[in-house]
Structures are given as structure tokens and as C-alpha cells.
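Residue numbers count from 1 along this sequence.
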Amino acid sequence: MTYDPIGRLLLTPVDREAPERTLRLRGLGLGQRPEPALDAFAGELARMTGAAYAMVNFIDEHRQFFAGLHAPPGDPGERFMARNHGYCPYVVVRRKALVLEDVRDFPRFAGNALVDEIGVRSYLGAPLIDRTGLALGTVCVADTEPRRWGRTGLETIKAFAARLMTEISRREAGTP
């Protein structure tokens, strides 16, 4: 974790794998541009979970990039986000799914900029771990209302992450 000069705990954990991840993402051709197939994947995830937002998020040394994005009607949805915003950097470093039914219940996460900027109240995300063991990013959903994701939500997000990693492995191998 990092601390501000006053000594308060901040969300963004130290990410020692960021340089290696950045090279791996470039080698896979991921995290540089929106991809219609990943937008469709995010849309399917949003429908399955009933969440307002769904993302396929790749995280490099400097930023987060939503290569797949579903946002509510009228919300253009930003494709880039600072590394110190949101919950995905924590999922990537931790390498485990994260379930936040109400972010305000967790002091570490309640002060995140997304709570104030777009009103995020709940989050569900799972890491995208490739064949080399690197966490490339996340598959995640967020909502503006507290949500009881429960075991079903956790199983759903993990299944979507596994499915996407299978697709990325096929892409890397050059098979359909």
C-alpha cells in the first residue's frame, strides 16, 4: 500500500509486476485500443449481473484502459482511468476476486475517487491471469447502488474472467 504525506492509507497498492505486465500486454496487442468484441463481452456481463457498468480493464505502468466497456445510456464511458482510481489495481496486485457490496462499508475503499466522481457504491471484479502467471487486468462490474452480489455474483465474475482468458489464449495461439 502507499501512504500520502499525512499518513493516511490510500487504495493503490504497490504493483511490482507493472513493467512486466506492460510488456506482456503490448506483446498480446491488448490495452491500447477499444475492441468491439470486448465491448460486447462487457455488455453481456452487465446483462448477466444487472450492473450499470461492466469493464474489461487492462492495467499498465501508467494507467488503466477499458478495452471492453458497457456504461448506462447517456454515459459516454471513459476508456482511461488513473492507476490510483477504482478498485481494479487492488484486484490485480492481490490476484483475487474482490466483492464490495457497499463500498462505504470498507474504509480502505470508501474514500476512492469513484465514489464521489460517478457515485459507485458497489463493485465486483476478478483478475485476468494469463498462462505466464501475470495478472493482466480485470473483468469487473460496478453499480451506483449497493448490491448483494453473494456467491452467485462471485462465481459469475470468476467464470467470465476464465472465459476471457481462454479467448485471449486462443488469440495468442492463433486459433479461433
Side-chain angles (χ1 to χ4, degrees), residues 1-2 9-18 20-21 24-25 28 30-31 38-60 63-71 77 81-115 118-170:
M1 290 292 168
T2 56
L9 184 66
L10 298 177
L11 174 68
T12 309
V14 174
D15 185 355
R16 290 180 175 78
E17 291 184 344
E20 186 179 359
R21 178 183 319 103
R24 180 81 172 122
L25 287 169
L28 291 169
L30 296 170
L38 295 180
D39 284 343
F41 184 90
E44 181 184 349
L45 180 56
R47 284 187 296 281
M48 287 290 297
T49 61
Y53 297 90
M55 289 81 56
V56 175
N57 184 11
F58 296 113
I59 302 173
D60 67 20
R63 65 181 184 181
Q64 300 179 64
F65 179 72
F66 302 119
L69 176 64
H70 171 86
M81 184 180 295
R83 285 189 46 93
N84 64 346
H85 280 53
Y87 311 100
C88 294
Y90 189 81
V91 171
V92 165
V93 170
R94 216 175 128 217
R95 304 170 60 82
K96 292 183 181 178
L98 178 62
V99 179
L100 299 172
E101 294 182 342
D102 188 339
V103 298
R104 291 193 231 180
D105 289 342
F106 301 88
R108 173 180 285 161
F109 300 116
N112 194 281
L114 291 183
V115 174
I118 60 174
V120 168
R121 287 287 303 277
S122 57
Y123 171 89
L124 177 65
L128 295 169
I129 300 175
D130 77 351
R131 67 171 177 76
T132 71
L134 278 173
L136 303 176
T138 66
V139 171
C140 63
V141 296
D143 212 332
T144 56
E145 299 293 328
R147 296 286 303 270
R148 291 187 119 358
W149 302 112
R151 181 163 302 282
T152 301
L154 181 61
E155 289 171 359
T156 298
I157 202 74
K158 286 180 172 182
F160 268 78
R163 187 175 119 200
L164 183 55
M165 285 315 307
T166 298
E167 292 176 24
I168 289 171
S169 294
R170 284 186 186 135

Is the shortest side-chain N to carboxylate O distance from Asp130 to Arg24 below 4.0 Å?
yes
Between Asp15 and Arg21, is there a salt bridge with N-O shorter than 4.0 Å?
yes
Heavy-atom nearest pair, Gly77 first then Ala71, reads CA-CB, 4.2 Å
With ring pair (Phe, Tyr, Trp, His ring centres under 6.0 Å) as the test, would you mind laying out the steps for Phe109 and Tyr123 before giving the verdict?
CA-CA 10 Å; Phe109 300 116; Tyr123 171 89; 8.2 Å; no
Would you call Arg147-Glu101 a salt bridge at under 4.0 Å N-O?
no
For a quick check under 3.5 Å, do Arg108 and Tyr90 share a side-chain donor-acceptor pair by atom type?
yes
For a 4.5 angstrom cut-off between non-hydrogen side-chain atoms, does Leu124 reach Cys140?
no
Selection residues 130-157 - residue pairs positive for ring-ring contact (aromatic ring centres under 6.0 Å, His included), sequence neighbours left out:
none
Nearest 0.5 angstrom please: Glu17 CD to Ile59 CD1, how far?
11.5 Å
Suppose we screen for salt bridge (Lys or Arg N to Asp or Glu O under 4.0 Å). Which residues come up paired with Glu167, at least two apart in sequence or across chains?
Arg163
Do you know the tightest heavy-atom contact between Gly86 and Met81?
N-SD, 4.1 Å
With Leu45, the side chain to side chain contact (heavy atoms under 4.5 Å, CB included) member among Val56, Leu164, Val141:
Val141
How long is the span from the CZ atom in Arg121 to the CZ atom in Arg104, to the nearest 0.5 Å?
3.5 Å
Can you find a pair of side-chain heavy atoms, one from Lys158 and one from Lys96, that are under 4.5 Å apart?
no
Less than 4.5 Å apart, side chain to side chain, heavy atoms only: is that true for Thr49 and Phe160?
no
Nearest 0.5 Å please: distance from the CD1 atom of Ile129 over to the CG atom of Leu136.
9.0 Å
Indicate yes or no for a side-chain donor-acceptor contact from Asp143 to the backbone of Ala51 under 3.5 Å, with no hydrogens or angles considered.
no
